[in-house]
Amino acid sequence: PALPARISSKGPAGAAGVAAVRDEIVVTSEQQRDKNTDAVATRALDRAEAAALPHAGDDLLRAVELLPGSSMSEGTSRVQLHGSRDDEVLILLDDLELLAPYHLQDFDSALSIVTPGALARAELIPDGYPAEYGDRIGGMLNLTTAAPSSQRSFALGLSLLAVDVTGSGSWARGRGGWFSSARGGSYHLPLEIDDREGDPRFWDVFGKVHYELNSRHNLRLHVLVAQDEFQLSP
């Protein structure tokens with residue numbers, strides 16, 4: 001908020017000092033000042049910040065719901081900004097556009113197809129984004145996956161809905177690197193709580209490999225595959 005203010009001071013022995021008048025005082029939070037230094041209004045979450053926020057399904061897109069400008073509906077991972085439709089929001093994964101990146105679209109698009117363990121950062125631009133990103137009226141969500149680690153590592157994640165495995169490492173004396181994640185699960189429990197029948201299952205696999213040819217050129221290969229399975233009882 002901006003408020004009129006008059007600041008005055010007194011010198012030694014109570015002598016009157018020079019009065020300083022300011023037209024306004026601008027108050028900003030430390031978090032906003034650190035993250036929004038660019039001209040474009042950007043909101044960002046890294047993996048640790050997203051994990052600390054209350055959200056269902058261990059899904060980063062649901063954590064984005066808590067950022068200013070987002071208006072996601074309960075029970076879905078579809079991103080909506082300022083009341084726009086979800087297809088009016090540009091979603092990028094490592095600079096590649098994703099079209100309807102949701103599991104279980106017949107069940108309110110309950111989860112995104114990107115494994116939470118694969119994501120390192122989510123950057124949300126609710127309005128005023130650069131023209132290079134297209135003509136979406138809602139805004140832009142840019143997802144960045146985790147970078148390959150220098151040492152080979154593996155991790156196992158377990159939630160109420162799914163099990164996921166991630167792995168990372170390097171090769172060719174550090175000139176190359178790889179990262180992969182796989183997830184599989186069932187949406188039966190939320191449907192049962194909501195008195196709905198069905199046992200829809202889902203899985204997704206993400207992997208990327210990069211190799212540094214020289215100081216100016218890199219080769220990169222990214223793969224994302226996802227599928228849902230659901231059968232109606234006779």
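These values consider heavy atoms only, across backbone and side chains, with no hydrogens, waters or symmetry-generated copies.
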Heavy-atom pair of closest approach, residues [X] and [Y]:
X	Y	value
Asp164	Leu158	OD1-N, 4.5 Å
Ala147	Ser168	O-OG, 4.1 Å
Gly176	Ala172	N-CB, 4.3 Å

Residue Leu189 excluded, over 12 heavy atoms near CG under 6.0 Å: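 For Leu189, atom CG is crowded (more than 12 foreign heavy atoms under 6.0 Å).
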
How many angstroms lie between [atom1] in [X] and [atom2] in [Y], if you round to the nearest 0.5 Å?
X	Y	atom1	atom2	value
Glu229	Leu104	CD	CG	11.0 Å
Ser170	Arg152	OG	CZ	8.5 Å
Gln227	Arg201	CD	CZ	13.5 Å
Glu192	Ser186	CD	OG	10.0 Å
Leu191	Asp108	CG	CG	9.0 Å

Listed partners of Glu97 passing salt bridge (Lys or Arg N to Asp or Glu O under 4.0 Å), at least two apart: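 Result, salt bridge (Lys or Arg N to Asp or Glu O under 4.0 Å) vs Glu97: Arg136.
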
Residues Leu156, Val163; criterion side-chain contact (heavy atoms from CB on, under 4.5 Å); working and verdict: CA-CA 8 Å; Leu156 176 65; Val163 176; 3.7 Å; yes

In a table with atom names and distances, give each donor-acceptor pair under 3.5 Å that connects a side chain of residues 110-122 to protein atoms at least two apart or in another chain.
unit_1 : atom_1 : unit_2 : atom_2 : d
Ser112 : OG     : Asp59  : OD1    : 2.9
Ser112 : OG     : Asp59  : OD2    : 3.3
Thr115 : OG1    : Asp204 : OD1    : 2.6

Whether Arg78 side chain and Ser109 backbone form a donor-acceptor pair below 3.5 Å: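 No, because the side chain of Arg78 does not come within donor-acceptor range (under 3.5 Å) of the backbone of Ser109.
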
Side chain Lys208, main chain Ala146, donor-acceptor under 3.5 Å: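 Yes, because the side chain of Lys208 sits within donor-acceptor range (under 3.5 Å) of the backbone of Ala146.
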
Distance flag, aromatic centroids of Phe230 and Tyr187, threshold under 6.0 Å: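 Judged by ring-centre distance (under 6.0 Å), Tyr187 and Phe230 do not meet the cut-off.
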
Joint cluster assignment, Val89 & Leu98, ILVMFWY side-chain distance < 4.5 Å: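 Yes, same cluster.
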
ILVMFWY cluster, Leu213 and Trp178 together (side-chain gap under 4.5 Å):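 Leu213 and Trp178: one cluster.
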
All side-chain contact (heavy atoms from CB on, under 4.5 Å) counterparts of Ser150, not counting sequence neighbours: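 So Ser150 forms no side-chain contact (heavy atoms from CB on, under 4.5 Å) with any residue.
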
Partners passing side-chain contact (heavy atoms from CB on, under 4.5 Å) against Leu96 (at least two apart in sequence or in another chain):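 Here no residue qualifies.
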
Listed once per pair and sorted, the ring-ring contact (aromatic ring centres under 6.0 Å, His included) pairs that draw on residues 193-213, sequence neighbours left out: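 Sorted result for residues 193-213: His103-Phe202, Trp171-Tyr211.
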
Under 3.5 Å, which donor-acceptor pairs link side chains of residues 216-224 to any protein atom two or more places apart or in another chain?
unit_1 : atom_1 : unit_2 : atom_2 : d
His217 : ND1    : Asn214 : OD1    : 3.0
His217 : ND1    : Asn214 : ND2    : 3.4
His222 : ND1    : Asp94  : OD2    : 3.3

From CA spacing to verdict: salt bridge (Lys or Arg N to Asp or Glu O under 4.0 Å), Arg196, Asp106: CA-CA 13 Å; Arg196 300 167 65 183; Asp106 291 333; over 6 Å; no

Do [X] and [Y] touch side chain to side chain, with heavy atoms closer than 4.5 Å?
X	Y	answer
Tyr102	Ser77	yes
Leu141	Leu90	no
Asp228	Pro200	no

Audit row: Leu143, Leu92, side-chain contact (heavy atoms from CB on, under 4.5 Å) steps and yes/no: CA-CA 6 Å; Leu143 306 175; Leu92 301 177; over 6 Å; no

Side-chain donor-acceptor pair present, Thr166, Ser181, cut-off under 3.5 Å: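 No - no donor-acceptor pair under 3.5 Å links their side chains.
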
